[in-house]
Amino acid sequence: MDISSVLQGGYQHPLSRKWQAKRTLTKEMLMYPIFITDDPDAHVDIPSLPGQSRWGINKLEGFLAPLVKKGLKSVILFGVPLTCPKDGKGTPADDPEGPVILAIKLIRKLFPSVYIATDVCLCEYTSHGHCGILHDDGTINSVPSADRIAEVALSYAKAGAHCVAPSDMMDGRIKTIKRALIDNGLGNKVTLMSYSAKFASSLYGPFRDAAGSAPSFGDRKCYQLPPNAKGLARRAIQRDVGEGADIIMVKPAMPYLDIIADAAELAPDYPLAAYQVSGEYAMIVAGARAGVYDLKTMAFESTEGILRAGCTLILTYFTPQFLDWLDE
Ligand SMILES: NCc1[nH]cc(CCC(=O)O)c1CC(=O)O
Ligand SMILES: [Zn+2]
Ligand SMILES: [Zn+2]
């Protein structure tokens, strides 16, 4: 055989196979999305997200303590208001007695080592279920939307969140939030992680089920990006870098690995996150249950793709399982 034909000598050993990776999954790279609801004693399983639940504030310690012991480093919080009245501007989002603000304070106190990010969006809190404030004709009204989202982000930052992560995809929200953080003395203290390239995906179904955030009319196609849009995604990433984002995120992950690679090229000096969303998680679990593959092997393969494309941080519902698997 010709010298230039032989590759296999380089990866015969399990260890030499590990060396092929530019980056290998560690516990530090995992951020765990959790759903906090306003029934303080809730522990309600989410049927479309097997293994995940909505948690009440009184159940958080019992839920998180074993995970922190296993090496959980960071969480991202999603509020699920079930009892409070929703309105046009998402008033319950920054209710000081609401589940997110209570959870930030509690986790800071109970688990000081845990890094707390908060998703910032209005859709869980608006009567219409859209992510911003609407004009009378049902279209997004960008300026008040960005202002309101910045107000909510600021309230989470003041409550002690280490990171605020707007997922609404409204124009101008990154600079509006950054300005609000700076003007309130939090610019140097709080990380702004932008869901920069967030696509209008079919893969958010289980999440909307879990969070009760499906729009009551229409869809999100006029603010989340069209799945075919590489150029718009690249522009969104560059815009958010210019507006003061500290971390760039691509979402979902698996169908958008090219966008992750683009982000790694466009923003090489930034941490890069991917959100392996609810539908990706549900799909991987369902495939394993159908006997298509082994769950653990496939879960690792999915993250290897994300890391290979350029990420340094993965938001994933598999976090608790990875904490076990990474110890094996
Ligand atoms: N804007 C809210 C939000 N933040 C994160 C997700 C999706 C997360 C997931 O599917 O796991 C969504 C849903 C949506 O945009 O409809
Ligand atoms: Zn939203
Ligand atoms: Zn629209």
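Small disclaimer: the values here were computed from a predicted structure and weren't measured. Just so you know, ligand 1 is whichever comes first in the structure, and atom 1 is the first atom listed for that ligand.
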Close approach, Glu280 and ligand 1, non-hydrogen under 4.0 angstrom: no
Classify the ring geometry between Phe207 and Phe78 as parallel (under 30°), tilted (30 to 60°) or perpendicular (over 60°). perpendicular
Within one Ile-Leu-Val-Met-Phe-Trp-Tyr cluster: Trp325 and Ile284, side-chain cutoff 4.5 Å: yes
Polar side chain donor-acceptor pair, [X] to [Y], under 3.5 angstrom:
X      : Y      : result
Asp38  : Thr83  : yes
Tyr275 : Glu280 : no
Asp87  : Thr91  : yes
Asp39  : Thr37  : no

Just jot down the ligand 1 atoms closer than 4.0 angstrom to any heavy atom of [X], in number order.
X      : value
Cys123 : 1 (N), 2 (C)
Tyr317 : 9 (C), 11 (O)
Cys121 : 1 (N)
Arg220 : 14 (C), 15 (O), 16 (O)
Phe78  : 4 (N), 5 (C)

Would you say His130 has an N, O or S atom lying under 2.8 Å from the Zn ion (ligand 2)? no
With heavy atoms and a 4.0 Å threshold, my read on which part of Asp119 contacts ligand 1 is side chain
Structural part of Ser167 in contact with ligand 1, heavy atom criterion under 4.0 angstrom: both
For Ser213, is at least one N or O under 3.5 Å away from an N or O on ligand 1?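 The answer is no, given that Ser213 and ligand 1 share no N or O pair closer than 3.5 Å.
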Any N/O pair Gln224/ligand 1 closer than 3.5 Å: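 The answer is yes, given that Gln224 and ligand 1 share an N or O pair closer than 3.5 Å.
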SG (Cys123) to the Zn ion (ligand 2) to SG (Cys131) angle, given to the nearest 10 degrees: 110°
Given Phe207, Tyr223, Tyr281, which has its nearest heavy atom closest to atom 8 (C) of ligand 1?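 Going through Phe207, Tyr223, Tyr281 one by one, Phe207 has the nearest heavy atom to atom 8 (C) of ligand 1.
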Check each of Pro33, Ser278, Cys131, Gly279 against atom 10 (O) of ligand 1 and report the one with the nearest heavy atom.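 Of the listed residues, Ser278 has the closest heavy atom.
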Could you check whether Tyr32 and Tyr317 have their ring centres less than 6.0 Å apart? no
Centroid separation His130 to Phe217 less than 6.0 Å: yes
Any idea which protein heavy atom is nearest [atom], and the distance to it?
atom                    : answer
atom 6 (C) of ligand 1  : Lys251 NZ, 2.6 Å
atom 16 (O) of ligand 1 : Arg208 NE, 2.6 Å
atom 15 (O) of ligand 1 : Lys198 NZ, 2.6 Å

Can you confirm whether more than 12 heavy atoms, excluding those of Asp45, are under 6.0 Å from its CG atom?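 Buried by this count: over 12 neighbours within 6.0 Å.
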Would you compute the distance between atom CD1 of Ile34 and atom CG of Leu77 and round it to the nearest 0.5 angstrom?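 Ile34 CD1 to Leu77 CG: 5.0 Å, rounded to 0.5 Å.
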Identified salt bridge (charged side-chain N to carboxylate O under 4.0 Å, His left out) partner of Asp94 from the options Lys89, Lys158, Arg148: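 So, applying the salt bridge (charged side-chain N to carboxylate O under 4.0 Å, His left out) to Asp94 and each of Lys89, Lys158, Arg148, only Arg148 qualifies.
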